[in-house]
Amino acid sequence: MPELPEAEYMVRRLVECAPEARIREATVLRASLIAPQSPDELAETVRGRRVVSYARRAKNVLLHLDKGWTLRVQLGMTGHFYWIADARVLPRFTRVWFALGNGAALVFEDSRTFGNLHVHRTEELAEVFAAYGPEPLEDGFSWQQLKASGARAKGPIKPFLLDQSKVVGLGNIWAAESLFAAGIAPGRAIPELDDAAWKALHRAIRKTLTAAIENAFRVTGSAEDFPEADLLACAVYGRPGAPCRRCKGPIERFVQAGRSTFHCPQCQR
DNA sequence: TCGATCCTGTAG
DNA sequence: CTACAGGATCGA
């Protein structure tokens, strides 16, 4: 599920739990997650490197290392990246782990193995992320910018929100939730959106993502827990047939661009 | 811009 | 057993 809020949550936990991490050794248990780099190349590059800072870009967790390297973790569908105190007890779906001092470790756990780890020269990151749209939680992100991203788009709004080249960070869950918060139907054609709708959507995206980050901390106790529980906070996602919290009418589900979409037909137009 | 696909786990 | 899953990418 990791979308922007979950990636942000992981980064903040890392800052708290492992601010001074130095990687002693990387162990790759599933080589396919490192492609196109080789596991050996990655392991050699990060060995002995100190984490200078943690950051997030879109849904990527970034570890800026000394000597100008950055480890980029693309979380995929089920990736979790977090610190554990005792590396002798690796989590069940650990695919890659990084031994630190004192027996601790950074773990990449990924049951479905759609994730990806890659090391880059830090100065080349801009090229890596060249295709990305704006960060929705940055101060400079405006409704005009969002509208401009959709200037030439013709399709329905929900698949547009999933397109990381338009705006980053939204996945299937928070796209559906943002549209509900904005009162816009997921099937609404982009050219039909007026300025009021773009404003509402812009506001809803920021509100939804911010609340999801806060909620992740509220429902989560320890570093290794993952905020699956934030699904409980959803207004439409995963609630087909359940009463809409606003109008009490039934939430509906349909498939759009190959993915489930949830919405309230009454509240979203 | 869409559909298929990568791979594995879990729910029904 | 079968169906389905929250991401990203590739080729049509």
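Chain naming here is simple, since letters A, B, ... match the order of the sequence lines and numbering starts at 1 in each.
- For the pair A:Q37/A:I34, a side-chain contact is recorded, criterion being any heavy-atom separation below 4.5 Å from C-beta on.
- For CD of A:E20, the number of neighbouring non-hydrogen atoms (other residues, nucleotides, ligands) closer than 6.0 Å is 12 at most.
- Two residues are said to be in side-chain contact when any heavy atoms from C-beta on lie closer than 4.5 Å; A:R72 and A:F129 meet this criterion.
- Rounded to a whole Å, the CZ atom of A:F114 is 16 Å from the P atom of C:dC4.
- Here the nucleotide nearest the side chain of A:N172, chosen from C:dA5, C:dG7, B:dC7, is C:dG7.
- Between C:dG7, B:dT8, C:dA5, one nucleotide has an atom nearer to the side chain of A:E3 than all others, and that is C:dG7.
- Between A:N60 and A:Y132, the side chains place a donor N or O and an acceptor N or O closer than 3.5 Å (distance only, hydrogens not considered).
- At a threshold of 4.5 Å between non-hydrogen side-chain atoms, the residues A:L117 and A:F108 count as touching.
- Atom CD in A:E109 sits roughly 20 Å away from atom P in B:dC7 (whole-Å rounding).
- OP1 or OP2 of B:dC7 has not a single side-chain nitrogen or oxygen of A:S111 nearer than 4.0 Å.
- Looking at A:F93 and A:R112, their side chains never come closer than 4.5 Å, going by heavy atoms from C-beta outward.
- Distance check on atom C1': B:dC6 versus C:dC1 gives 23 Å, rounded to whole Å.
- Between the side chains of A:T70 and A:H64, at least one donor N or O sits under 3.5 Å from an acceptor N or O.
- A:T78 comes within 4.0 angstrom of nothing in the nucleic acid, heavy atoms only.
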Every protein N/O within reach of nucleotides 8-12 of chain C N/O, cut-off under 3.5 Å:
residue : atom : partner : partner atom : Å
C:dA8   : OP2  : A:K59   : NZ           : 2.7

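- C:dG7 atom C1' lies 10 Å from atom CG of A:D110, rounded to whole Å.
- Atom P of nucleotide B:dG3 and atom CG of A:D163 are separated by 15 Å, given to the nearest angstrom.
- No side-chain donor-acceptor contact under 3.5 Å links A:W198 and A:Q145.
- Atom CZ in A:R112 sits roughly 13 Å away from atom P in C:dC4 (whole-Å rounding).
- The partner of B:dC7 cannot be assigned: no Watson-Crick or G-U wobble pair with both contacts below 3.5 Å exists in any strand.
- Remark: P of B:dT8 and CG of A:N116 are 15 Å apart, rounded to the nearest angstrom.
- Spacing between atom CZ of A:F108 and atom P of C:dG7 amounts to 14 Å, rounded to whole angstrom units.
- The nearest whole Å value for the distance from the CE atom in A:M77 to the P atom in B:dG9 is 14 Å.
- Checking C:dG7, B:dT8, C:dC4 against every side-chain atom of A:R95, the shortest atom distance belongs to B:dT8.
- To the nearest 0.5 Å, the span separating CG on A:D110 from CD on A:Q74 amounts to 11.0 Å.
- The shortest distance between side-chain heavy atoms of A:V167 and A:F141 falls below 4.5 Å.
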Could you run down the sub-3.5 Å N/O contacts of the protein with nucleotides 10-12 of chain B?
residue : atom : partner : partner atom : Å
B:dT10  : OP1  : A:R92   : NH1          : 3.2
B:dT10  : OP2  : A:R92   : NH2          : 3.3

